[in-house]
Amino acid sequence: MTGLNRAGLLELLWTACGIVPCLGLVLWLIDAEHGLALTSLGSTAILLFCFPTHEGSRPLAVLAAHLLGAAIGIALLQVFGSNVWTMGAGVALIAIVMKLLNIMHPPAGANPLIVLNLQSSWLFLAYPLLPALLIMLVAVLVWSRLRPGPRWPLRWI
């Protein structure tokens, strides 16, 4: 690590103090058995806590991209089943949707793969995905008020 000073070290500590309790709370409240279903939230946590001012960290981008990515995967599963082609199509479709709607949140690109692999139903959107996302957004909102630096979010939509 070159050029790491006290301020940089403090920023890293604040980041860890955000990610650990946030994901711990999500997995504890949602139930750790859904851990595999929520793997895309690991990279969401990195984006939110390491880059809170990034366009992909906007609440609308996080919520809409994750929910749409999962919905696309579930729709493909229902119509075509789970296979390598639907998995590729799911990622391509959510990429197109995110780009068209200006809600680019790259971690959500994993959601079609997750729901196709787990063969999730439409209920997946209501539980565990939506509550997990809301917990994360509240956690980063509180965290950003406690730490020094820019507050999250810069823009809600």
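The analysis underlying the following values was restricted to heavy atoms, covering all of them including side chains, and did not include hydrogens, waters or symmetry mates. As the structure is a prediction and not an experimental result, all values here were calculated from the model.
- Expressed to the nearest 0.5 Å, how far CE of Met136 lies from CG of Leu63 amounts to 11.0 Å.
- At a threshold of 4.5 Å between side-chain heavy atoms, the hydrophobic network of Ile, Leu, Val, Met, Phe, Trp and Tyr places Ile19 and Val142 in one connected group.
- Residues Pro59 and Pro153 are in side-chain contact: their nearest non-hydrogen atoms beyond the backbone lie under 4.5 Å apart.
- Interatomic distance, CZ of Phe124 versus CD1 of Ile114, reported as 6.5 Å (0.5 Å rounding).
- The two residues Ile74 and Ser121 make their nearest non-hydrogen contact at CD1-O, 3.2 Å.
- No single ILVMFWY cluster, assembled from side-chain heavy atoms under 4.5 Å apart, contains both Leu100 and Val62.
- The distance from the OG1 atom of Thr39 to the CG atom of Asn117 is 9.5 Å, given to the nearest 0.5 Å.
- Heavy-atom minimum distance, Pro112 versus Gly109: CD-O, 3.3 Å.
- Across every non-hydrogen atom of Pro107 and Ser43, the tightest pair is CB-OG, 3.1 Å.
- The minimum heavy-atom distance between Met98 and Ala108, with the atom names listed, is SD-CB, 4.3 Å.
- Taken from OG1 in Thr15 to CH2 in Trp143, the straight-line distance is 5.0 Å, to the nearest 0.5 Å.
- A 6.0 Å sphere centred on CD1 of Ile157 holds no more than 12 heavy atoms belonging to other residues, nucleotides or ligands.
- In this structure, the separation between CG on Leu141 and CH2 on Trp152 is 6.0 Å, given to the nearest 0.5 Å.
- Within the 4.5 Å cutoff, the side chain of Pro128 has no heavy atoms near those of the Asp31 side chain.
- There is no path of hydrophobic side-chain contacts, each under 4.5 Å, that joins Leu47 to Leu113.
- With a 4.5 Å cut-off on side-chain heavy atoms, Arg58 and His105 do not count as touching.
- For the pair Ala126 and Pro131, the tightest heavy-atom approach, listed with the atom from each and the gap, is O-CD, 3.0 Å.
- Leu27 and Val20 fall into different hydrophobic clusters, where Ile, Leu, Val, Met, Phe, Trp and Tyr side chains are chained together by heavy-atom contacts under 4.5 Å.
- Side chain of Ser57 to main chain of Phe51: a donor-acceptor pair is present (N/O by atom type, distance under 3.5 Å, no hydrogens or angles).
- Side chains of Trp14 and Pro148 form a contact here, defined as non-hydrogen atoms less than 4.5 Å apart.
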Worksheet item: Should Leu38 and Ile30 be marked as a side-chain contact (heavy atoms from CB on, under 4.5 Å) after you check the CA-CA gap, both sets of side-chain angles, and the distance that decides it?
Response: CA-CA 10 Å; Leu38 300 174; Ile30 301 301; 4.0 Å; yes
Discussion item. Applying side-chain contact (heavy atoms from CB on, under 4.5 Å) to Leu12 and Leu4, what does each step give before you reach the verdict?
Written reply: CA-CA 10 Å; Leu12 294 176; Leu4 189 61; 4.1 Å; yes
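- Both Leu134 and Leu41 sit in one connected hydrophobic cluster of ILVMFWY residues. Membership requires side-chain heavy atoms under 4.5 Å apart, directly or through other members.
- Nearest heavy atoms, Ala70 versus Leu129: CB-CD2, 3.7 Å.
- How far CD1 of Ile72 is from CG of Leu93: 5.5 Å, rounded to the nearest 0.5 Å.
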Discussion item. Please determine whether ring-ring contact (aromatic ring centres under 6.0 Å, His included) holds for the pair Phe80 and Trp85, giving the CA-CA distance in whole Å, both sets of side-chain angles, and the decisive distance to 0.1 Å.
Written reply: CA-CA 9 Å; Phe80 301 107; Trp85 305 108; over 10 Å; no
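- Environment of CZ in Arg6: sparse, with no more than 12 heavy atoms of neighbouring residues, nucleotides or ligands closer than 6.0 Å.
- Side chains of Leu77 and Thr86 form no contact here, defined as non-hydrogen atoms less than 4.5 Å apart.
- Between Ser82 and Met87, some side-chain heavy-atom pair lies under the 4.5 Å cut-off.
- Counting heavy atoms from C-beta outward, Leu68 and Ile103 have side chains that approach closer than 4.5 Å.
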